[in-house]
Amino acid sequence: MPELAEVEFYRRVWAVGLGDVVTSIDLHPQARVFRGTEPDSLRPLAGSTFSSALAHGKQLLFGFQGAGWLGVHLGMSGALSIAPPEHLADRHDHLVLRTGTQSLVFRDPRMFGRVRFDLGSEPPEWWTSQPAQVLSQAFNRKRFAQFLERRQGTPLKALLLDQSLFPGIGNWMADEILWRARLHPAKLPNQLSKCETSRLWRITREVARDALRVIAPDWGEAPDDWLFNHRWKAGGICPRPHCRCPLARAELRGRTSCWCPQCQDLASS
DNA sequence: TACAATGTTTTAAG
DNA sequence: CCTTAAAACATTGT
């Protein structure tokens with residue numbers, strides 16, 4: 001489920017525990033979410049103070065004073081929540097951090113998500129070496145144009161999903177971006193005019209900003225003039241005021257895309 | 001029942 | 001080393 005704004009929402013959920021001391025942890029050692037990580041390596045968390053909560057694209061990093069860094073990726077079905085101190089981990093609650101007053105719960109039924117842990121006082125290398133955030137200053141028009149030039153043969157939709165270029169963009173955001181930019185998901189970067197490339201850059205950032213504003217504080221509902229509320233609906237139509245054309249859906253590179261055949265013409269430019 | 005779900009990694013080929 | 005494409009991963013809900 002989670003993309004940029006949903007991940008930020010979950011960061012804030014756990015952040016209510018900042019400053020608390022972790023008294024104990026519960027985990028499912030055999031769960032796939034610990035692949036690449038020795039579950040026992042999380043032991044130092046017990047007794048440490050929860051001191052920072054960061055999000056970068058779809059990655060989460062939680063700092064624990066005197067212990068280290070807990071990395072969390074929510075995959076397709078992951079979620080973070082707060083529960084009472086006595087909360088019993090159910091089948092899908094793979095990690096629970098208990099403080100005196102509450103439990104921080106990581107849940108992931110499909111287990112495409114991942115948990116890792118690194119010792120040390122500085123954030124781990126995998127965190128600090130991440131690509132520039134879409135809303136950062138470094139993510140400028142020139143850099144964006146370079147991405148498109150380098151990946152000329154990749155359809156725009158697939159390109160936007162590349163986390164090494166656009167951290168945090170996921171399936172619904174990519175569809176929303178292309179719909180607002182009036183560009184067909186299967187269009188190739190080298191078919192874009194300079195003007196369209198600039199527009200796509202601007203709207204990529206606009207959607208990221210809007211998503212964070214609407215969703216991150218309290219998982220607010222998307223407005224009806226976004227594509228979001230229409231894209232999975234049976235018989236969904238384009239929410240653009242003078243369009244109202246039935247939306248199209250097709251699989252592209254293993255993910256379902258939704259677009260408006262009227263507004264997002266493959267041939268036009 | 002069968003298919004699809006807001007994601008990444010691996011593997012392979014060019 | 002770079003780009004591109006497809007399959008695999010695991011579970012649930014329609």
Side-chain angles (χ1 to χ4, degrees), chain A residues 1-11 13 28 30-37 55-60 71-80 89-94 106-116 126-127 129-131 134 146-180 185-191 204 207-208 210-212 214-216 219-223 226-236 247-259:
Chain A
M1 274 167 75
E3 303 182 18
L4 183 73
E6 293 86 356
V7 168
E8 170 59 18
F9 168 82
Y10 286 125
R11 184 195 69 80
V13 170
H28 293 159
Q30 79 303 342
R32 209 179 88 98
V33 296
F34 291 106
R35 60 196 180 282
T37 293
H56 185 119
K58 295 176 188 170
Q59 303 284 350
L60 287 159
V72 175
H73 192 287
L74 297 170
M76 197 79 106
S77 58
L80 302 183
D90 93 341
R91 189 156 76 95
H92 303 303
D93 297 338
H94 306 304
F106 166 65
R107 177 184 179 80
D108 186 6
R110 280 175 81 179
M111 293 192 288
F112 289 178
R114 190 141 94 101
V115 170
R116 46 178 146 189
W126 67 261
W127 174 263
S129 65
Q130 291 183 101
V134 164
Q146 282 169 352
F147 292 161
L148 267 62
E149 196 158 340
R150 222 175 66 203
R151 305 285 302 277
Q152 296 198 25
T154 303
L156 293 179
K157 174 62 183 292
L159 187 57
L160 285 169
L161 292 177
D162 188 331
Q163 298 300 293
S164 68
L165 305 180
F166 311 107
I169 306 290
N171 209 25
W172 83 253
M173 286 182 81
D175 280 353
E176 189 77 35
I177 290 164
L178 293 168
W179 174 73
R180 288 198 201 180
K187 202 153 187 171
L188 301 179
N190 59 12
Q191 298 174 304
T204 297
V207 168
D210 287 351
L212 285 170
V214 170
I215 295 164
W219 204 293
E221 260 190 62
W226 292 13
L227 179 65
F228 189 97
N229 288 337
H230 310 270
R231 56 196 295 274
W232 292 137
K233 249 189 231 160
L247 293 168
R249 265 185 241 159
E251 186 155 310
L252 181 59
R253 285 277 240 106
R255 309 298 303 278
T256 301
S257 284
C258 175
W259 72 96

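Residue numbers begin at 1 in each chain, while the letters A, B, ... track the order of the sequences.
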**Asked** Any side-chain heavy atom of A:Leu178 sitting closer than 4.5 Å to one from A:Leu227?
**Response** no
**Request:** Side-chain contact test, heavy atoms from C-beta onward, threshold under 4.5 Å: evaluate it for A:Met173 versus A:Val134 and give yes or no.
**Result:** no
Mind checking salt bridge (charged side-chain N to carboxylate O under 4.0 Å, His left out) for [X] and listing every partner two or more places apart, or none if nothing turns up?
{"X": "A:Asp175", "answer": "A:Lys157, A:Arg231"}
{"X": "A:Glu8", "answer": "A:Arg11, A:Arg12"}
{"X": "A:Arg107", "answer": "A:Asp90, A:Asp93"}
{"X": "A:Arg110", "answer": "none"}

**Fill in**
So the stems of DNA chain B, runs of at least three Watson-Crick or G-U pairs (under 3.5 Å), are B:2-5 with C:11-14, B:7-14 with C:2-9
**Message:** Would the distance check show the side chain of A:Gln163 and the main-chain N or O of A:Gly168 forming a donor-acceptor pair, the cut-off being under 3.5 Å?
**Reply:** yes
Between [N] and [M], how many Å separate the two [atom1] atoms, rounded to a whole number?
{"N": "B:dT11", "M": "C:dA10", "atom1": "P", "answer": "15 Å"}
{"N": "B:dT9", "M": "C:dT12", "atom1": "C1'", "answer": "22 Å"}
{"N": "B:dT6", "M": "C:dA5", "atom1": "C1'", "answer": "22 Å"}

**Request:** Give me the one residue out of A:Val207, A:Ile215, A:Leu212, A:Ile169 that meets side-chain contact (heavy atoms from CB on, under 4.5 Å) with A:Leu4.
**Result:** A:Leu212
**Asked** Taking all non-hydrogen atoms of both residues, which atom of A:Ser164 and which atom of A:Pro131 are closest, and how far apart?
**Response** O-CB, 3.3 Å
**Message:** Could you work out, with side chain to side chain contact (heavy atoms under 4.5 Å, CB included) as the rule, every residue matching A:Arg91, not counting sequence neighbours?
**Reply:** none
**Item:** Non-neighbouring partners of A:Gln130 that pass side chain to side chain contact (heavy atoms under 4.5 Å, CB included), sequence neighbours left out
**Value:** A:His56, A:Gln59, A:Trp127
Please list each protein N or O that sits under 3.5 Å from an N or O in nucleotides 1-3 of chain B, with the distance.
none

**Request:** Provide the start and end nucleotides, 5' to 3', of the part of DNA chain C that has atoms under 4.0 Å from heavy atoms of chain A.
**Result:** C:dT3 to C:dT12
**ring pair (Phe, Tyr, Trp, His ring centres under 6.0 Å) involving A:His28 - partner list, sequence neighbours excluded** = A:His94
**Listed once per pair and sorted, the salt bridge (charged side-chain N to carboxylate O under 4.0 Å, His left out) pairs that draw on residues 161-173 of chain A, sequence neighbours left out** = A:Arg151-A:Asp162
**Item:** Contact state string [nucleotides 5-14 of chain B, B base, S sugar-phosphate only, - no protein heavy atom under 4.0 Å]
**Value:** BBBS------
